[in-house]
Undergrad: 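Before anything else, here's the structure in question.
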Amino acid sequence: MFLKCMLAAAAIVTSAVMEAAPFMTNVYGRDYVLLNGKWSAFTDLYDQGRKMEVYKNRKPQSNEEFYEYSFDGAMRLDVPGDWNSQYPELKYYEGTMWYARHFDAPTPNSFRNQDSEAAAITATGRTFLYFGAVSYRCMVYLNGELIASHEGGFTPFQVEVTGLLKDKDNFLCLEVSNRRTPDAIPAMNFDWWNYGGITRDVMLVSVPQVFVEDYFIRLDKNEPDLIHASVKLSCEVEREVVVEIPELKVRQAIMTDASGCGEVSFRVKKLKRWSPDAPKLYDVSVSGETDRVCEKIGFRNIVAEGERILVNGEPVFMRSVSFHEEIPQRMGRAFSQADASMLLSEAAALGVNMVRLAHYPQNEYTVRLAEQMGILLWEEIPVWQGINFTDEGTRAKAQTMLSEMIYRDRNRCAVGYWGVANETKPSAERNAFLDSLLHTGRSIDATRLYVAAFDLAYFEKSTGHFEMHDDFISNLDVVAVNKYMGWYHPWPVNPSDAVWDVAAGQPLIISEFGGEALYGQSGSDEMAGSWSEDYQARLYRDNLEMFRHIPNLAGVSPWVLFDFRSPYRFHPSNQDGWNRKGLVSDRGQRKKAWYIMRDWYASISRGE
């Protein structure tokens, strides 16, 4: 079996890999070199670059020879980063962009997170090219050869380049497209900016010949002291892998089977469980014969019991907010640790214990920092309206995106919810599509709560109640409803008289509510058309009053923390390409509704 693994690794030398391989767990805990920085780039409006073989980086050999598509004198783009925010001419650009850079093969001692012993091991090991995210489709070329492709703008992928790197002057080239298509996820219409580019870190990762490819270490869904650990080696070999948690005096050996997989369950004493109030994390290591990966992991239980959500056995009301992966002040995609800190710090100031990462998997920096700060997360894939539920190819893409999201973040105990859809309409095809996602997700991780958000709760005059008729919700652990009372929908009754009969017997989260306001604009608190902070504040007060009368309410998440960019929003004087529903303006100024929400969350945390 070991020979089989060695031969498979060597095969990359002579044959290109057309599809990116599954990525390794915890890439930031490995030995890596960043390939971030300035990359050469040019637009390809008519998609001629591939035909012109720009990925071969050919140079004229005579005065009569020239290449119309060339990186010579091309623009320079920051990686990671979206192209839309870097040049005014690219603000609305949707299409193909070619990226390229040169680099020398790193020496063993140039990798980060590496001690002298690891350097000796990895000098004769394997090397992978890892992309945190590229939006939306990309083809990856190395030294003139196609080595990988990937679709999906918010999840990572990797490809092995062992044996393909030259000592000097490697040429890495990407063909990237953010062109919207009906079979994409999201599809043609979505209410956020369609940022294109290499939007997250690019890394060369060095590992031994046989390495710990994947592991999943988590607390049992219900029991407070039972830990399950699963591991997968990169090769089909029988070997011992050791899981250690020094603070808990845990040292558990796992013997992998012929497929390279193994698992063990064990009980621990004096375990301090992670919670929003006490975000305890433990140093954990997973080591094989030639490999050792370390990181911090927390342990917590989260379940839905009747109409409540229990964290570590105690009911917790979800004081949430949503934000996009965007820094509004610079009008660009968030990509760094500093960006994650800005977004989460503003959420924490509001008094949240949860953030809904809308509407796609966001940067790993954000997920890890939220865990350190004690913020629960709802992560979701961008199955957002307008999806072709009858297309098997689209379904397969959604399953892949969900799998990639879960595999990346399932060791993060802050993630309490996997979201499978937002604002979809009932149909047999929709139900089958979402059922397939639930089956895919639960086969990978059954310890989280699965949720979807709907916009189908309406006031029924015959009953005088708010109701929602969608049989699919019984398949979910938690039901969520987006409802913009007072903005898109007039109040049929006074907020204090509103009676909700939605998802009885299940926990219900109001996952979106609110309305738009332009910061600094004053006006009537009774007229939506004023676009005033006063009206937005009135909306919030009215909705909070209505929430008092929802019997199975388990949390709320106003939409949205910051104003965000959207070509969908074209009101010339009040929107101008921005969705203005933010509690905070595009310049970082807090609106009146922000203070209403902060005070309400503070009263809940005090148990009032």
Side-chain angles (χ1 to χ4, degrees), residues 20 23 34-47 49-50 54-55 69 71 74-103 129-142 148-159 171-181 184-186 190 192-203 324-340 343 357 359-366 382 401 404 564-567 577:
F23 51 85
L34 290 171
L35 295 182
N36 297 343
K38 293 287 187 181
W39 289 47
S40 299
F42 64 83
T43 59
D44 186 3
L45 279 74
Y46 287 3
D47 291 310
R50 199 184 308 171
V54 299
Y55 51 85
Y69 284 67
F71 289 101
M75 76 176 98
R76 304 273 279 168
L77 289 176
D78 288 318
V79 172
D82 64 273
W83 66 59
N84 309 85
S85 64
Q86 297 189 48
Y87 285 86
E89 299 86 349
L90 299 176
K91 180 177 180 179
Y92 293 100
Y93 182 63
E94 294 183 334
T96 300
M97 181 79 71
W98 287 88
Y99 284 81
R101 66 158 295 163
H102 296 263
F103 67 95
L129 183 60
Y130 179 97
F131 295 88
V134 179
S135 182
Y136 165 77
R137 295 179 177 91
C138 74
M139 309 287 281
V140 182
Y141 304 85
L142 179 64
S149 64
H150 186 260
E151 179 172 349
F154 305 102
T155 48
F157 64 97
Q158 70 183 35
V159 58
F171 182 67
L172 178 59
C173 181
L174 266 69
E175 177 186 0
V176 180
S177 175
N178 71 333
R179 188 175 288 111
R180 289 169 295 130
T181 60
I185 302 175
F190 44 92
W192 64 88
W193 207 268
N194 184 24
Y195 290 112
I198 306 173
T199 55
R200 297 179 189 162
D201 290 335
V202 182
M203 310 159 74
H324 275 286
E325 189 178 59
E326 180 182 79
I327 303 300
Q329 295 92 326
R330 75 163 183 262
M331 296 188 292
R333 178 72 73 201
F335 62 82
S336 66
Q337 289 178 311
D339 290 344
L343 293 168
L357 297 178
H359 283 293
Y360 38 78
Q362 297 192 20
N363 203 298
E364 191 169 348
Y365 291 128
T366 298
M401 290 180 188
E404 290 174 340
F564 62 92
R565 299 175 74 197
S566 174

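No hydrogens, no waters, no symmetry mates; every other heavy atom, side chains included, goes into these values.
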Undergrad: How about Y195 and E326: does a side-chain donor come under 3.5 Å of a side-chain acceptor?
TA: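 The criterion, which ignores hydrogens and geometry beyond distance, is satisfied for E326 and Y195.
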
Undergrad: Would you confirm whether N84, through its side chain, and G196, through its main-chain N or O, come within 3.5 Å as a donor-acceptor pair?
TA: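 Side chain of N84 to backbone of G196: a pair is present.
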
Undergrad: Going by side chain to side chain donor-acceptor pair (under 3.5 Å), T96 matches just one of N178, D47, T43, D44. Which one?
TA: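 The side chain to side chain donor-acceptor pair (under 3.5 Å) with T96 is passed solely by D47 among N178, D47, T43, D44.
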
Undergrad: How many angstroms lie between CD1 in I198 and OH in Y99, if you round to the nearest 0.5 Å?
TA: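 Result: 5.5 Å between the selected atoms.
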
Undergrad: Once rounded to the nearest 0.5 Å, what's the spacing between atom CE of M331 and atom NZ of K91?
TA: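 Interatomic distance, M331 CE to K91 NZ, rounded to 0.5 Å: 6.0 Å.
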
Undergrad: Nearest heavy-atom pair of S135 and T199: which atoms, and what distance?
TA: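 Heavy-atom minimum between the residues: CB-CG2, 4.4 Å.
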
Undergrad: Minimum heavy-atom separation for H150 to P156, with atom names?
TA: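 The pair with the smallest heavy-atom distance is NE2-O, 4.0 Å.
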
Undergrad: How about E175 and Y141: does a side-chain donor come under 3.5 Å of a side-chain acceptor?
TA: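 Judged by distance alone, the side chains do pair up.
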
Undergrad: Can you tell me how far the CZ atom of R50 sits from the CE atom of M139, to the nearest 0.5 Å?
TA: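 Rounded to the nearest 0.5 Å, the CZ-CE separation comes out at 5.0 Å.
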
Undergrad: With a 4.5 Å limit on heavy-atom distance, are the side chains of Y93 and L45 in contact?
TA: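 Yes, close enough: below the 4.5 Å cut-off.
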
Undergrad: So Y365 and D339, do their side chains get closer than 4.5 Å, heavy atoms only?
TA: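 Contact flag for D339/Y365 side chains = no.
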
Undergrad: Which atom names give the shortest non-hydrogen contact between S40 and A74, and what distance separates them?
TA: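 It is CB-CB, 4.4 Å.
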
Undergrad: Identify the heavy atoms of P361 and P382 that sit nearest to each other, and give their distance.
TA: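 Here P361 and P382 meet closest at CD-CD, 4.3 Å.
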
Undergrad: Determine yes or no for a side-chain-to-main-chain donor-acceptor pair under 3.5 angstrom, with Y55 supplying the side chain and A100 the backbone.
TA: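 Flag not set: sc Y55 to bb A100 has no pair under 3.5 Å.
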
Undergrad: Working to the nearest 0.5 Å, report the span between CZ of F42 and CG of L77.
TA: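 Those atoms lie 11.5 Å apart.
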
Undergrad: Roughly how far apart are F335 CZ and Q362 CD, rounded to 0.5 Å?
TA: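 Here the interatomic distance stands at 14.5 Å.
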
Undergrad: How long is the straight-line distance from CZ of R200 back to CG of N36, given to the nearest 0.5 Å?
TA: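 It comes to 13.0 Å.
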
Undergrad: Are the side chains of P567 and W193 in contact, using a 4.5 Å heavy-atom criterion?
TA: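 Side chain of W193 against side chain of P567, heavy atoms only: contact under 4.5 Å found.
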
Undergrad: Answer yes or no: is there a donor N or O on one side and an acceptor on the other, between the side chain of R333 and the main chain of E325, under 3.5 Å?
TA: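 Here the side-chain-to-backbone pair exists.
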
Undergrad: Of the non-hydrogen atoms in A334 and L343, which two are nearest, and what is the gap between them?
TA: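 Looks like CB-CD1, 4.0 Å.
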
Undergrad: Do Q158 and L129 have side chains that get closer than 4.5 Å, going by heavy atoms?
TA: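 In short, these two side chains do not touch, never coming nearer than 4.5 Å.
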
Undergrad: Does the side chain of V140 come within less than 4.5 Å of L172's, by heavy atoms?
TA: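 Yes, close enough: below the 4.5 Å cut-off.
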
Undergrad: For C173 and F71, work out which heavy atoms get closest and say how close.
TA: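 Minimum heavy-atom contact is SG-CZ, 3.9 Å.
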
Undergrad: Has D78 got a side-chain atom pairing as donor or acceptor with G37's backbone, closer than 3.5 angstrom?
TA: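 Not at all, since once roles are kept as given, no pair shorter than 3.5 Å links the two residues.
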
Undergrad: Salt bridge check: are E151 and R137 linked by an N-O gap of less than 4.0 Å?
TA: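 Looking at E151 and R137, the cut-off is met.
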
Undergrad: Do N363 and T366 have side-chain atoms, one donor and one acceptor, less than 3.5 Å apart?
TA: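 Side-chain D/A pair, N363 to T366: absent.
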
Undergrad: Applying side chain to side chain contact (heavy atoms under 4.5 Å, CB included) to F157 and C138, what does each step give before you reach the verdict?
TA: CA-CA 11 Å; F157 64 97; C138 74; 3.4 Å; yes

Undergrad: Is any side-chain heavy atom of L174 less than 4.5 Å from a side-chain heavy atom of V134?
TA: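 Result yes, sub-4.5 Å side-chain heavy-atom pair found.
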
Undergrad: Is there side-chain contact between M401 and F154, with at least one heavy-atom pair below 4.5 Å?
TA: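 Side chain of M401 against side chain of F154, heavy atoms only: no contact under 4.5 Å found.
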
Undergrad: Quick one: does V202's side chain get under 4.5 Å of L34's, heavy atoms only?
TA: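 Side chain of V202 against side chain of L34, heavy atoms only: no contact under 4.5 Å found.
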
Undergrad: Per the ring-ring contact (aromatic ring centres under 6.0 Å, His included) rule, which among Y136, W192, F190 passes with Y360?
TA: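 With Y360 as partner, ring-ring contact (aromatic ring centres under 6.0 Å, His included) holds for just one option, W192.
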
